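Nothing here was measured: the structure is a model prediction, and the numbers come from that model. Hydrogens, waters and symmetry mates play no part in the numbers below; they use all other heavy atoms, side chains included. In each ligand, atom 1 is the first atom listed, and ligand 1 is the first ligand listed.
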Amino acid sequence: MINYKTVLQGSYYTAIDENQVGHQANSLVCINDEGTIARIVLAGDDDYQVIVNDAKQQGTLVSLSDDQVLLPGFIDLHVHAPQWPNSGLALDRPLYEWLEEYTFPLEAKFKEAKYAHLVYDNLVETLLANGTTTALYFGSVDNTGNLELVKSCLAHQKRGFVGKVVMDNPEQTPAYYRDESATAALNETENFIHEVATLNENQTIPVTPVITPRFLPSCTDDVLAGLGKLAAKYDLPIQSHCSESDWENGYALTTHGKRDATVLDEFGLLTDKSVMAHGTLLNGEDIQRFKDRGVGIAHCPISNVYFGNAVLPAKKLLSENVKVGMGTDISGGYDPSVYQNIRQAIMSSRLLNDGVDSEITPDLRGKHDAAITAKNAFYMATVGGAKSLNLATGQIKEGYIADLQIVHAKYPTFGQQVPEDTFEKLMYQTTVSEIDHVMTQGVFVK
Ligand SMILES: [Zn+2]
């Protein structure tokens, strides 16, 4: 008799590749003590009933109801944790104004531990409730707040990647909210790495510290060079924004005479552990550079509508095997749900495909073959995110970590429905209320 920690009985969907989603009905997903999917037993397998009986006897069987399905947990590649209180605010402002008037004043408040704890605990819980089992976070400049975010991830058993935001360029940052100098920023980043290591002791899901230059405009060359060295020294992930808007794209060209992807690369900040947010204005050369280096893109379709100045050509990137995952970009994006971003990714791609200006003739109005499907978007929210963070999650597969969600359909089906229809409806209609349970590393956290 094999003792599994939990045996989940029911049907599941998991991405096979960017175009295909696999489905199994009434299978057994057997999770071991380490929180890994040790075995998947299909309905027709010889020992199916034996395993069900054993699990029943040991009290480890969890049977999904007929209207429930199992999905991999989602991976959110771009969250500004301290912006959570501003979610849904000031989205009519241009990026530069939005930063100066709304975002920087709020982020500066996170030097106070009590406030940080209040906001971060709520954010982490909210993301989990929405089916997001892993998130890549920008913290703020101050480590007091950043360590509260780490503690919230650990307390809620959420897979977290957290970065101390670096911004030391006096010309592009307010005096009340910036690193004192390049040296101070690098010291604080290194302190953060060590303090996270201490908090991680004896934890099941350790938090990963992330090298986090905010973006090119807010950083000096000295700090970028130092951060590149720290990333190499500690072998850590890197996150930043790249070619997000015309303003940001233009800034790099004006000040450095180069594209921002080129500058980041020259400082050692584009590696196979890098995740760059947005990328709506990346050109062919940048994309080739991302491919060569193994850089992931955080596709933030809601935020891009407000600040991106263009639609990310997700279909093209997926077909060229560039790593692309999904990001909510709280609070450039107004919604903490990856489902909502899946839907916006599909809708935005339709607009890119068809074009939007009725005065242009249909043959010239859009970009052919740019539309993505629900399957493409689901792939980004699961496998694309996992690949970008080099994690063995995002799939229901033997040997993968059991980060999962159990959801049910929002509306009745009024008769039989094929599995493909069920899947599409789930992608389009699921809200937080239909997410019944969430599991990280084999433990139920919702
Ligand atoms: Zn961002």
Side-chain angles (χ1 to χ4, degrees), residues 75-91 93-108 110 119-120 123 127 132 135-141 145-146 149 160-167 169 172-173 177 210-219 227 237-249 251-252 260-261 264 269 274-282 295-312 324-336 338 340-341 344-345 348 385 388-389:
I75 295 163
D76 187 338
L77 287 184
H78 195 50
V79 183
H80 289 273
Q83 295 174 23
W84 176 224
N86 268 1
S87 172
L89 269 192
L91 294 172
R93 303 301 182 93
L95 181 60
Y96 187 78
E97 271 178 47
W98 177 83
L99 283 170
E100 293 285 326
E101 289 173 32
Y102 288 83
T103 307
F104 292 158
L106 174 62
E107 288 192 13
F110 286 76
V119 173
Y120 288 156
L123 172 66
L127 293 179
T132 301
L136 172 55
Y137 299 96
F138 274 61
S140 67
V141 169
N146 297 331
L149 178 55
F161 291 71
V162 178
K164 176 241 175 301
V165 169
V166 168
M167 40 195 280
N169 180 7
Q172 292 291 330
T173 54
Y177 186 55
V210 183
I211 300 296
T212 309
R214 182 173 205 114
F215 60 173
L216 197 64
S218 65
C219 295
L227 290 175
I238 300 161
Q239 62 181 341
S240 192
H241 301 78
C242 194
S243 290
E244 174 178 4
S245 64
D246 287 314
W247 172 72
E248 191 213 320
N249 211 37
Y251 180 89
D260 60 351
L264 292 170
L269 295 164
S274 298
V275 176
M276 294 292 132
H278 308 287
T280 45
L281 295 164
L282 293 170
V295 174
I297 297 174
H299 182 19
C300 308
I302 293 182
S303 166
N304 289 347
V305 171
Y306 300 104
F307 302 114
N309 300 134
V311 174
L312 185 80
V324 193
M326 205 67 90
T328 56
D329 192 22
I330 291 165
S331 70
Y334 60 80
D335 201 297
V338 171
Q340 195 69 8
N341 278 275
Q344 185 62 51
S348 293
S388 299
L389 293 173

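No side-chain N or O of Ser331 forms a donor-acceptor pair with one of Asn86 less than 3.5 Å apart.
For the Zn ion (ligand 1), the nearby protein N/O/S atoms, meaning those under 2.8 Å, are His78 NE2, His80 NE2, His241 NE2.
The only member of Val165, Thr212, Leu269 that meets side-chain contact (heavy atoms from CB on, under 4.5 Å) when paired with Gln239 is Thr212. Of the candidates Leu136, Thr328, Thr132, Thr328 is the only one forming a side-chain contact (heavy atoms from CB on, under 4.5 Å) with Val79.
Trp84 pairs by the ring pair (Phe, Tyr, Trp, His ring centres under 6.0 Å) definition with nothing, not counting sequence neighbours. Phe161 is linked by a ring pair (Phe, Tyr, Trp, His ring centres under 6.0 Å) to nothing, counting only residues two or more places apart in sequence or in another chain. Evaluation of the side chain to side chain contact (heavy atoms under 4.5 Å, CB included) rule for Ala298 yields Leu77, His78, Val275, Ala277, Cys300 as partners, not counting sequence neighbours.
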